[in-house]
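Everything on this sheet refers to the single structure shown next.
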There are 2 protein chains.
Amino acid sequence: MEMHQLRYFVAVAEELHFGRAAERENISQPPLSFQIKKLEQELNVQLFKRTKRKVELTEAGALLLPQARTILADVQSAKDTASLARRGEIGRVRIGFVHSASLGYLPQLLEPFRAEFPRVEIHLDEMTVTEQLVALKKKQIDIGVLRPPIADPELTSFNVVEENFVLVVPKTHPLAGTPSVELSSLAHEHFVFYPEHRSPAFFAQLTKMCQLAGFSPKISVQANTMYTAIGLVGTGAGIGFIPESVACITLPSVSFVKLSGTDNIAKLDLVYSETGLSKSAAQVVEFARNLL
Amino acid sequence: MEMHQLRYFVAVAEELHFGRAAERENISQPPLSFQIKKLEQELNVQLFKRTKRKVELTEAGALLLPQARTILADVQSAKDTASLARRGEIGRVRIGFVHSASLGYLPQLLEPFRAEFPRVEIHLDEMTVTEQLVALKKKQIDIGVLRPPIADPELTSFNVVEENFVLVVPKTHPLAGTPSVELSSLAHEHFVFYPEHRSPAFFAQLTKMCQLAGFSPKISVQANTMYTAIGLVGTGAGIGFIPESVACITLPSVSFVKLSGTDNIAKLDLVYSETGLSKSAAQVVEFARNLL
DNA sequence: TTATTTAATACCGATCTCGTATTAAATGTG
DNA sequence: CACATTTAATACGAGATCGGTATTAAATAA
C-alpha cells in the first residue's frame with residue numbers, strides 16, 4: 001500500500017469518476033486505473049463497483065475511505081512538524097536559571113516567547129551558577145541564566161539584565177525607612193551573604209564591592225536563596241544585598257534601602273554553547289537578544 | 001514521503017544502526033542510507049546525527065518518530081479493515097422486521113450473531129410486511145423478517161420460525177382460564193384483527209384459518225401492532241389471535257388460551273435479494289440458516 | 001443504428017529502487 | 001604509532017515500477 005495509491009483512491013472515491021480523478025491528481029487515466037486495481041489486488045477486496053458508465057464505492061471502499069483520509073492527513077501533519085522543527089518553532093528547550101532570575105527576567109523573556117512560539121516546550125530548572133556551567137557542558141541544559149562573569153571559552157554569553165543592588169534591613173534597624181545609604185557607612189554591620197560554592201563569581205563581586213567601599217563584610221550567616229536571605233534579615237540575623245527586581249518580595253519585618261554610589265550593579269547573563277545548540281534553543285537565544 | 005521511507009526511518013530510529021536496520025528491512029545498507037537521505041531532503045531537515053561511528057536522532061527526528069509510527073500503524077489497521085470487510089466481518093446490515101418478531105426471533109438471532117461478529121453494525125427498522133418488500137426492492141434494507149407467504153420471484157426467503165397461534169381473551173370472558181379451545185367454537189365471537197394493508201398475506205392466513213373452521217370472523221376493530229391488539233382485547237373490544245411468542249406480554253385484564261386443531265401455525269420468514277447482497281448481510285443470512 | 005462517454009488494455013520510455021563493489025573515516029589494539 | 005575493524009557514504013549497473021500515448025470495449029443517448 002503506497003502513498004500515491006492512497007491519494008489516488010481518495011481522489012476516485014471523491015470524484016466517483018476515473019477521468020476527473022486522474023486530472024485532479026495530474027496523471028492520465030490509465031495509470032490511475034492500474035494503481036487502483038493494484039491496490040485492490042493487494043487488499044484482496046473490491047473497492048469500487050464500476051460499470052462502464054458509473055463508479056461507486058463498495059462497502060469495503062466506504063470503510064477504507066475515512067482511514068485513507070486520516071493517513072494522508074497524518075502525513076501532511078508529519079511534514080508540517082518537520083517544517084516547524086526545521087525553523088526551531090517546535091521542540092524542547094531546557095533552561096537553567098538562578099533563583100533570583102525567576103521573578104524579574106524569566107517572565108519578561110518567556111511570556112512573549114511563548115506567545116510567538118507556542119509549540120516550543122520550555123523546561124525550567126532552578127540551579128546554582130556552578131551547576132549550570134556543568135549542565136551546559138554535559139548538554140543537560142541548552143541555556144543558562146546566571147550571574148556573570150563566566151570564564152569558560154567554550155560558552156557564549158551576553159548580558160541581559162543590569163540592575164542596582166538594594167539593601168535589606170530589619171524593620172527595627174536604624175536605617176529602616178531611610179531613602180538611601182552610602183555603602184561605605186556599613187563597615188560595622190553584620191551581613192547575610194550567599195555561599196561562595198554556589199556562585200563564586202557573585203560572591204566575589206559582592207565582596208569586592210564592599211572592599212571598594214573600604215571594608216571587608218562581616219558575614220553572620222549564608223543563605224542559599226535570596227528569598228531565605230530576606231527571611232533571615234527579618235529575624236535579625238543581619239542586613240543583606242539583593243538585586244532590585246527581587247525586592248518585590250516584601251515581608252512585614254524588613255525594609256529596603258537604596259544604595260547610593262557606583263559599581264553596585266547586579267548583572268544577569270544568558271549563557272549557551274554554540275556547538276550543538278538546537279534550533280529551538282537558538283530561537284530562544286535570538287529572541288532574548290532582540291529583547292535588549 | 002513514501003511508505004517504505006517511513007518504514008526505513010522507523011527501523012533506523014529504533015536500531016540506531018544503518019546496517020542492522022537494513023537487515024531488519026531485508027534490504028542492503030546503501031539503498032537504505034539513500035532513502036533516508038532522500039526523505040531528509042524532501043523534509044528539508046536532518047533526521048539523524050551520524051558520525052562514522054554513531055547514529056542518533058536529531059530533535060526533528062525524535063518529533064517525527066511517533067508520527068511515523070502512527071501512520072504505519074494506521075496503514076496496518078486499514079489493511080485489517082479491508083480484510084475484515086472482505087469476509088463480511090465488518091460493515092452495516094439493515095434489517096426490517098415486523099413488530100411481532102422483536103420479542104421472539106430477533107433477539108434469538110442477533111444476540112449470538114453480535115457475539116461472533118462484534119464489528120458488524122446492525123441497523124433495525126420496524127416495518128410492515130408491505131413496507132419491507134418495497135424497501136428490499138429499493139435496497140433500503142438488506143434483510144426482511146416478515147410473515148409469509150411472499151410472491152416476488154426476485155427475492156429469496158426461508159422459514160425461520162413456526163409457532164402456534166394462541167387466543168387472547170379478556171379476563172371477564174367465559175373462556176378465560178380454559179386450557180384450550182376449538183377454533184370452530186368461536187364463530188359467534190367478535191375479533192380484534194390486523195389491517196389488511198399492512199400485511200395482506202397475514203390477514204389472508206388468519207381469515208382462511210377461520211373459514212376452514214367453518215366461519216367468517218366478525219371484525220370489531222383493527223390493531224396496527226399485536227401489542228395494541230392485546231391492549232384492545234383487555235378493554236373488551238373482542239378476542240384476538242397472537243403467535244405464542246408474543247404471549248410473553250401479559251396484562252392483568254387478559255388471559256391466553258391455547259387453540260386446538262391443525263393449521264393454526266404462525267410463520268416468520270427471512271427475506272433478502274441475492275443480487276447485490278453485501279458480504280456482511282450474507283453473513284447474517286448464513287448465520288440465520290445455521291441457527292435452524 | 002450511430003455518436004458519445006468512460007474504463008480497461010497494450011505497449012513504450014523514463015524514473016526509481018535496490019544490489020554489489022568500493023571508499024572514507026572513526027575507533028580500538030598490538 | 002601503525003594496523004585492523006567497524007560503519008556509513010559513494011559509484012554504478014540491473015530490474016522493476018510508474019506514467020504517458022494510442023487504442024479498445026462496453027454502455028448510454030440520440
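In the text below, chain A, chain B and the rest are named by the order of the sequence lines, each starting its count at 1.
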[X] [atom1] - [N] [atom2] separation (whole Å):
{"X": "A:I36", "N": "D:dG19", "atom1": "CD1", "atom2": "C1'", "answer": "14 Å"}
{"X": "B:H4", "N": "D:dC18", "atom1": "NE2", "atom2": "P", "answer": "11 Å"}
{"X": "A:I27", "N": "C:dG13", "atom1": "CD1", "atom2": "C1'", "answer": "17 Å"}
{"X": "A:E23", "N": "D:dG19", "atom1": "CD", "atom2": "C1'", "answer": "16 Å"}
{"X": "A:E42", "N": "D:dT17", "atom1": "CD", "atom2": "P", "answer": "12 Å"}
{"X": "A:H17", "N": "D:dA27", "atom1": "NE2", "atom2": "P", "answer": "17 Å"}
{"X": "A:E15", "N": "C:dA7", "atom1": "CD", "atom2": "C1'", "answer": "16 Å"}
{"X": "A:K38", "N": "C:dT9", "atom1": "NZ", "atom2": "P", "answer": "16 Å"}

Which of these nucleotides, [options], is closest to any side-chain atom of [X]?
{"X": "A:S28", "options": "D:dT21, C:dT17, C:dG19", "value": "D:dT21"}
{"X": "A:P30", "options": "D:dC18, D:dA22, D:dA9", "value": "D:dA22"}
{"X": "A:P31", "options": "C:dA7, D:dG19, D:dT10", "value": "D:dG19"}
{"X": "A:K37", "options": "C:dT9, C:dA7, D:dT21", "value": "C:dT9"}
{"X": "A:Q29", "options": "D:dC18, C:dA8, C:dA21", "value": "C:dA8"}

Is there a side-chain contact between A:R50 and the phosphate of C:dT6, meaning an N or O under 4.0 Å from OP1 or OP2?
no
Would you please confirm or rule out a distance under 4.0 Å between OP1 or OP2 of D:dA8 and any side-chain N or O of B:S33?
no
Salt bridge check, B:E154 against B:K137: does any charged N sit closer than 4.0 Å to a carboxylate O?
yes
Run the salt-bridge test on A:R92 and B:E59 with the 4.0 Å N-O cut-off and return the result as yes or no.
no
For A:F48, answer base if it contacts any base atom (sugar-phosphate contacts may also be present), sugar-phosphate if it contacts only those atoms, and nothing otherwise; contact means non-hydrogen atoms under 4.0 Å.
nothing
When you measure from the centre of the six-membered ring of A:F18, is the NZ or CZ of A:R50 under 6.0 Å away and within 45° of the axis?
no
Are any of the side-chain heavy atoms of A:L133 and A:L146 separated by less than 4.5 Å?
yes
Minimum side-chain heavy-atom gap B:T275-B:K139 below 4.5 Å:
yes
Hey, which sits more toward the 5' end of DNA chain D by its nearest nucleotide, A:Q35 or B:G19?
B:G19
